[in-house]
There are 2 protein chains.
Amino acid sequence: MLEEEKDTINRLSKMPLGSLDLDAVSVVTNIYRVAQGLRNKMEREVLSKYGLSWTSFSILYDLSIWKAIETKKLAESAAVSKATISNITKTLEKKELCYRKTDTRDRRITYVMITAKGIQVMEELYPEFHKREVEIVSGLTVNEQKSVTELLRKVIRKNQF
Amino acid sequence: MLEEEKDTINRLSKMPLGSLDLDAVSVVTNIYRVAQGLRNKMEREVLSKYGLSWTSFSILYDLSIWKAIETKKLAESAAVSKATISNITKTLEKKELCYRKTDTRDRRITYVMITAKGIQVMEELYPEFHKREVEIVSGLTVNEQKSVTELLRKVIRKNQF
DNA sequence: GTATTATCGTTTCATAGCTAACGATTATGA
DNA sequence: TCATAATCGTTAGCTATGAAACGATAATAC
């Protein structure tokens with residue numbers, strides 16, 4: 001077990017909180033710790049050079065894959081609010097990495113599309129990003145990677161994340 | 001494999017990006033997805049009632065465990081910047097959940113402490129939070145929980161997250 | 001056909017979060 | 001001693017984020 005976890009559990013068990021499911025606490029704590037760590041690492045070592053935050057990168061990533069996509073779908077995919085998508089695509093548009101276009105039939109719908117410059121940035125950026133991804137999980141064997149992925153998918157399905 | 005993952009990998013493999021380590025991509029993608037999902041769920045279903053964000057909750061949680069702690073340690077523990085800690089503890093102080101005190105010897109250091117009201121909120125809040133934690137991982141057996149925790153710890157150690 | 005309801009994107013306003021710059025303080029070194 | 005460096009917390013200025021409200025539009029009901 002990691003040092004801070006020991007300390008925390010020690011003190012937690014002294015609080016008047018009734019019985020705790022320590023296995024559940026550990027899963028949640030460590031998932032969030034890894035997620036925060038990899039987000040910070042990516043922003044610091046890769047994304048900052050391009051002036052992109054984690055979320056704006058993930059939006060650009062979606063755009064590079066889907067070419068044209070409604071803002072509503074973007075919000076679902078990145079698990080953020082429509083308002084956030086509004087702001088981020090506005091920022092990306094300022095950087096000329098994407099542009100927006102209202103649907104001619106249903107004018108409530110806005111499509112977001114990646115620009116040539118956006119594609120170019122992505123093709124330069126993604127290999128760097130992917131290199132870090134591989135590094136980050138390199139402490140696990142391939143079988144362990146497959147295993148943790150399968151377990152996480154189970155959690156995602158159960159909770160509809 | 002989850003549906004969106006299939007789509008994404010399909011399109012990714014058509015991009016001119018060279019070879020990809022798909023196992024690594026899956027690990028990183030699913031870790032972040034679970035983390036985002038549980039954060040959103042907690043904020044929506046538990047923390048919003050108390051006007052707390054995920055981060056301010058985690059700060060309050062640390063305070064309830066450590067009683068008095070330097071802002072620097074808080075920043076490390078929550079993996080956010082010192083500036084963020086300044087802002088969040090200021091907000092918590094406004095809600096009378098904590099207070100700050102400068103060290104008498106070394107006046108560069110500020111200690112943050114939880115108030116009686118803060119403890120009270122935590123004792124009411126944490127059982128609810130913990131209940132959701134248990135729910136979220138309830139799709140996994142205890143052995144699976146231990147397994148995913150051990151694998152994540154390996155990633156944390158390797159990357160010093 | 002018209003009124004109601006639902007949906008979509010945006011704006012507004014608050015907090016969260018970062019970096020960089022700053023001021024205060026302590027530690028170090030000549 | 002006294003100047004320089006190092007460290008700490010805060011502030012300023014920016015983007016990110018969500019909830020709620022808004023306006024425009026489309027779908028539905030009558």
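Chain letters run A, B, ... following the sequence lines, proteins first and then strands; every chain starts at 1.
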For this session: May I ask you to decide whether A:Arg105 forms a salt bridge with A:Asp103, counting only side-chain N to carboxylate O separations under 4.0 Å?
Result: no
Exercise. How long is the line joining CZ of B:Arg44 and P of D:dA20, in whole Å?
Worked result: 13 Å
Exercise. Should A:Glu70 and A:Thr110 be marked as a side-chain contact (heavy atoms from CB on, under 4.5 Å) after you check the CA-CA gap, both sets of side-chain angles, and the distance that decides it?
Worked result: CA-CA 6 Å; A:Glu70 303 105 286; A:Thr110 299; over 6 Å; no
For this session: Name the nucleic acid region contacted by A:Arg105, choosing base, sugar-phosphate or nothing; use a 4.0 angstrom heavy-atom cut-off, strictly under.
Result: sugar-phosphate
For this session: Find the distance A:Leu74:CG to D:dT17:C1' and express it as a whole number of Å.
Result: 16 Å
Seminar exercise, completed: So the salt bridge (charged side-chain N to carboxylate O under 4.0 Å, His left out) pairs with at least one residue in residues 77-97 of chain A (sequence neighbours excluded) are A:Glu93-A:Arg100
Problem set entry | Residue pair A:Leu20 / B:Tyr126: nearest heavy atoms and the distance that separates them | CD2-CE2, 3.7 Å
For this session: Figure out the CD/C1' separation between A:Glu76 and C:dC8, and round it to whole Å.
Result: 12 Å
For this session: Tell me yes or no: between the side chains of A:Tyr50 and A:Glu128, is some donor less than 3.5 Å from an acceptor?
Result: yes
For this session: Please report, rounded to the nearest Å, how far the P atom of C:dC18 is from the CG atom of A:Leu47.
Result: 14 Å
For this session: For the pair B:Lys158 and A:Glu135, find out whether any cationic side-chain nitrogen is under 4.0 Å from an anionic carboxylate oxygen.
Result: no
Problem set entry | Whole-Å distance separating the CZ atom of A:Phe57 from the C1' atom of C:dC18 | 19 Å
For this session: Rounded off to whole Å, could you give me the CD-to-C1' distance for the B:Glu43 and D:dG18 pair?
Result: 9 Å
Exercise. With the sugar-phosphate defined as primed atoms, P, OP1 and OP2, and the base as all remaining atoms, what B/S/- string results for nucleotides 9-17 of chain C, 5' to 3', for protein heavy atoms under 4.0 Å?
Worked result: BBB----SB
